[in-house]
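What follows is one structure encoded as C-alpha cells, with my remarks underneath.
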Amino acid sequence: MSEEQKKSENRARPTTDEFRAFVAEDWAPRPPGPSELSEAARYAAARREAVSAAFQGDRLVIPAGGLKVRSNDTDYVFRPHTAFVHLTGLGGDREPDAVLVLEPRDDGTHEAILYFRPLAGRDTDEFFADARYGEFWVGARPTIEDVEIELGVTGRHIDEFSDAVVKDAGEVTVRLVRDADRDLTRELDTARTSEAVSATAEKDDLTEADDELAHFLSTLRLTKDEWEVEEMRKAVKATHHGFDAVIADLPEAVAKGRGERWVEGVFGLTARHEGNGVGYDSIAAAGDHATTLHWIKNTGELRDGDLILLDAGVEVDSLFTADITRTLPANGTFTDAQREVYDAVYAAQEAGLAAVKPGNKFSDVHAAAIKVIAEHLLAWGLLPEGVSVEDTLDKEHGQYHRRWMVHGTSHHLGLDVHDCALATREEYMDAELLPGMVLTVEPGLYFKADDLKAPERFRGIGVRIEDDVLVTAEGHENLSAGMPRASADVEAWIREVQSR
C-alpha cells in the first residue's frame with residue numbers, strides 16, 4: 001500500500017456537479033491497448049510454473065509495493081519489487097499497489113491473478129481530481145482487459161484483494177513476500193493470526209513460511225533464461241554508451257567544477273534516455289574519494305591528473321541492470337604510479353575472469369583475483385615482515401591484504417544489482433558456476449591519502465575494474481568486453497572518444 005501523503009486544504013479547488021458533467025463530455029476514444037501477450041510475460045509464465053510446482057496448494061502473495069513519500073505530497077519514482085517484476089514481466093514504474101496472487105487450484109497448479117488499480121472512467125472524480133492516481137495528473141493506467149491481454153493473467157480490482165486473500169486462510173496456507181509492502185504485511189499478519197482464521201497460527205510460523213517463499217524466489221534468479229540474458233546485453237550496451245558520454249565530457253567535468261556531479265549527471269542522462277534510469281546510485285569518485293568504496297555523494301572536484309572511478313549501470317525498462325566500473329585518468333594519461341596500481345588490478349581481474357567457468361565454484365573467482373592482489377602487495381613490501389602470500393591468504397590468521405581490498409570480487413547480477421541476496425552461502429559462495437549465471441568480476445586496490453602504511457606515491461589512488469560476465473557451457477562471455485580495460489587501451493579509448 002502506498003504511504004499516506006499529507007493533504008493540505010489551502011490549495012483545494014471547488015468541484016460542482018456542473019463541472020463534473022462538463023469534464024466528462026466529448027472525449028475521443030483512447031488509443032487501443034495491447035493486442036497480444038508481451039515477450040516478457042511469456043517468460044514470466046514459465047517462472048510462475050516453477051513457483052507453483054514448489055508450493056502446491058498454497059496461496060502465494062507477491063506485492064509490487066506502493067508509492068513512498070519523498071516529502072509532503074510528492075513521491076519517489078516508483079520501482080516495483082523485484083520478485084513481482086520477475087513473475088509478471090512488468091517493468092518501468094508499473095504498477096504501484098498491485099499484488100500478484102497465485103491462487104491454488106484443485107489439480108495442484110495455480111491461477112495467476114493480478115489485483116491492481118485499473119483505469120478509472122472519465123465520469124469519476126479520480127479522473128480529474130486525484131493528483132496521485134488520476135489520469136489528468138499522472139496519465140492513463142491499463143484497464144483490466146489490457147492487463148489480461150498483456151500478461152496472460154486474470155485481472156481484478158485491488159479493492160477485491162483483502163477479502164479474497166484471507167477468505168479461507170484457516171484451511172489454505174497463505175505465503176507472502178514480506179519485504180515488498182510492509183503495511184500490507186502487517187495487515188495480512190493480523191488477518192492470518194486472527195481467531196476467526198486460526199486459533200493456532202503464530203507470527204513465527206507465518207514468518208518462517210514467508211521466508212521459504214522469499215528464498216525460493218531469490219534463488220530462482222540464479223540462472224537467467226535467454227530473454228533475461230538479452231536484457232542484460234541491452235543494459236550493458238546502454239552502459240557502454242553512458243561511459244562514452246562521460247569520457248567525451250571529461251574536459252568539461254574538470255573545467256566546470258564539482259566534476260563528480262558532472263560525471264554523475266552525464267551518465268544519468270544516458271541512463272534515462274536509453275533505459276529506465278540508473279540501476280543504483282552512481283559512484284563518481286575522483287582522487288582520494290575513489291578509496292571510499294561506495295562514494296555516492298559525488299560532491300568533489302575532478303582535477304587534471306586525477307583518476308575518476310566510475311561505478312555505474314543503466315537499468316533498462318525491464319529493470320535489469322548492468323554494473324560496470326572503469327577507472328579513468330581525467331586528462332587521458334595515467335601517471336607512473338597510477339599505472340602501477342591500475343595494472344596490478346587489471347592482472348587480478350584477468351585471473352578472476354579466467355576462473356569463471358562451469359565446474360568452478362563462485363568463490364574460486366575471488367580466490368584467483370585476490371591471490372594476484374596479494375602477490376603485488378608482497379612485491380611492494382606492504383605485507384608485514386615475514387608474511388608470505390600463503391600466510392596472508394590464510395582465512396584464520398592472515399587477511400592482511402584486506403587493508404587495501406576489503407570487498408569481495410564478485411556478486412550475482414540481474415534485476416537487482418546485488419541479485420539473489422537470499423541465497424544461502426552454500427547456494428552462493430560455495431555453489432558451482434552454471435551456464436546462465438551472470439556475475440561481476442571486480443577486484444580493486446585502494447590506498448587512502450592518510451594511509452601511512454602505503455607508499456607515498458600510491459596514497460590517494462583508488463582503482464577498481466568491473467565487468468559483467470555470463471557463464472556459458474564452454475566457459476564465460478564478458479558481456480562488457482567492448483569497454484577497454486588494459487591501461488594502454490583505456491588511454492586509447494579516451495583519445496578515440498574525445499576525437500569524434
Side-chain angles (χ1 to χ4, degrees), residues 1-13 62-85 88 90-100 115-120 125-142 158 177-187 235 238 242 258 260-285 292 294-300 311-321 323 415-418 421:
M1 296 181 288
S2 294
E3 293 179 352
E4 185 176 352
Q5 291 181 344
K6 293 181 180 179
K7 297 297 182 184
S8 174
E9 296 302 318
N10 57 26
R11 297 175 63 201
R13 298 287 184 269
I62 304 97
L67 297 166
K68 299 186 185 302
V69 175
R70 182 182 187 275
S71 179
N72 192 32
D73 60 351
T74 60
D75 295 321
Y76 287 103
V77 174
F78 178 69
R79 202 278 192 186
H81 190 275
T82 294
F84 177 86
V85 175
T88 62
L90 288 173
D93 60 355
R94 301 174 64 189
E95 293 283 329
D97 299 322
V99 186
L100 174 68
Y115 294 89
F116 74 109
R117 186 185 301 273
L119 181 66
D125 279 12
E126 181 183 300
F127 172 59
F128 64 85
D130 192 326
R132 207 176 202 189
Y133 300 109
E135 184 178 352
F136 245 66
W137 295 83
V138 297
R141 294 191 306 277
I158 190 60
V177 176
R178 302 184 66 82
D179 65 343
D181 188 327
R182 302 201 183 275
D183 288 340
L184 187 151
T185 295
R186 281 191 292 271
E187 290 197 6
R258 298 187 90 192
E260 291 178 348
R261 284 285 167 92
W262 191 269
V263 167
E264 176 189 353
V266 168
F267 185 86
L269 172 61
T270 301
R272 280 297 283 168
H273 185 240
E274 297 198 23
N276 186 58
V278 293
Y280 53 95
D281 286 334
S282 300
I283 299 168
T292 300
H294 286 171
W295 177 260
I296 58 173
K297 295 179 181 179
N298 300 340
T299 53
D311 184 334
V314 174
E315 178 184 81
V316 290
D317 292 334
S318 63
L319 303 185
F320 284 83
T321 185
D323 178 10
L415 282 169
D416 286 342
V417 66
H418 297 141

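Residue indices begin at 1 and follow the sequence shown.
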Donor on one side chain, acceptor on other, Asp179 and His81, under 3.5 Å: yes

Closest approach of Pro63 to Ala180 (non-hydrogen atoms, all atoms of both residues): O-CB, 3.4 Å

Exercise: identify the closest heavy-atom pair between Phe128 and Trp137: O-NE1, 2.8 Å

Side-chain (Thr185) to main-chain (Arg178) donor-acceptor, under 3.5 angstrom: yes

Distance-minimising heavy-atom pair for Arg117 and Asp97: NH2-OD2, 4.0 Å

Minimum heavy-atom distance between Glu126 and Ala120, given as atom pair plus value: OE2-CB, 3.2 Å

Pairwise distance CG(Leu269) to CD(Glu274) - rounded to 0.5 angstrom: 9.5 Å

From CZ (Phe116) to OG1 (Thr88), nearest 0.5 Å: 12.0 Å

Min side-chain heavy-atom separation Val177-Phe84 under 4.5 Å: no

Gap between atom NZ of Lys297 and atom CG of Asp281 - 0.5 Å precision: 13.0 Å

Test log, rule side chain to side chain contact (heavy atoms under 4.5 Å, CB included), inputs Glu260 and Trp295: CA-CA 10 Å; Glu260 291 178 348; Trp295 177 260; 2.9 Å; yes

N/O donor-acceptor pair under 3.5 Å between Asn276 side chain and Glu315 backbone: no

Phe267 vs Val314 side-chain heavy atoms within contact, under 4.5 Å: yes

Phe136 and Phe127 aromatic ring geometry - parallel, tilted or perpendicular at 30°/60° bounds: perpendicular

Gly92 to Pro80 - nearest heavy-atom pair and separation: O-CD, 3.4 Å

Min side-chain heavy-atom separation Phe320-Leu415 under 4.5 Å: yes

Trace of the side chain to side chain contact (heavy atoms under 4.5 Å, CB included) decision for Val263 with Asn298: CA-CA 9 Å; Val263 167; Asn298 300 340; over 6 Å; no

Counterpart residues, side-chain contact (heavy atoms from CB on, under 4.5 Å), relative to Asp93 (two or more places apart): Phe78

Test side chain to side chain contact (heavy atoms under 4.5 Å, CB included) applied to Tyr133 and Arg141, step by step: CA-CA 9 Å; Tyr133 300 109; Arg141 294 191 306 277; 3.6 Å; yes

Other residues, nucleotides, ligands: >12 heavy atoms within 6.0 Å of His273 NE2: no

Pairwise side chain to side chain donor-acceptor pair (under 3.5 Å) hits with a residue in residues 63-77, at least two apart: Gln5-Asp75, Asp75-Arg132

Short side-chain to backbone donor-acceptor contact, Glu264 and Ala284, under 3.5 Å: no

Any side-chain heavy-atom pair of Asp323 and Asp311 under 4.5 Å: yes

Ser318 to Val85 - nearest heavy-atom pair and separation: O-CG1, 3.8 Å

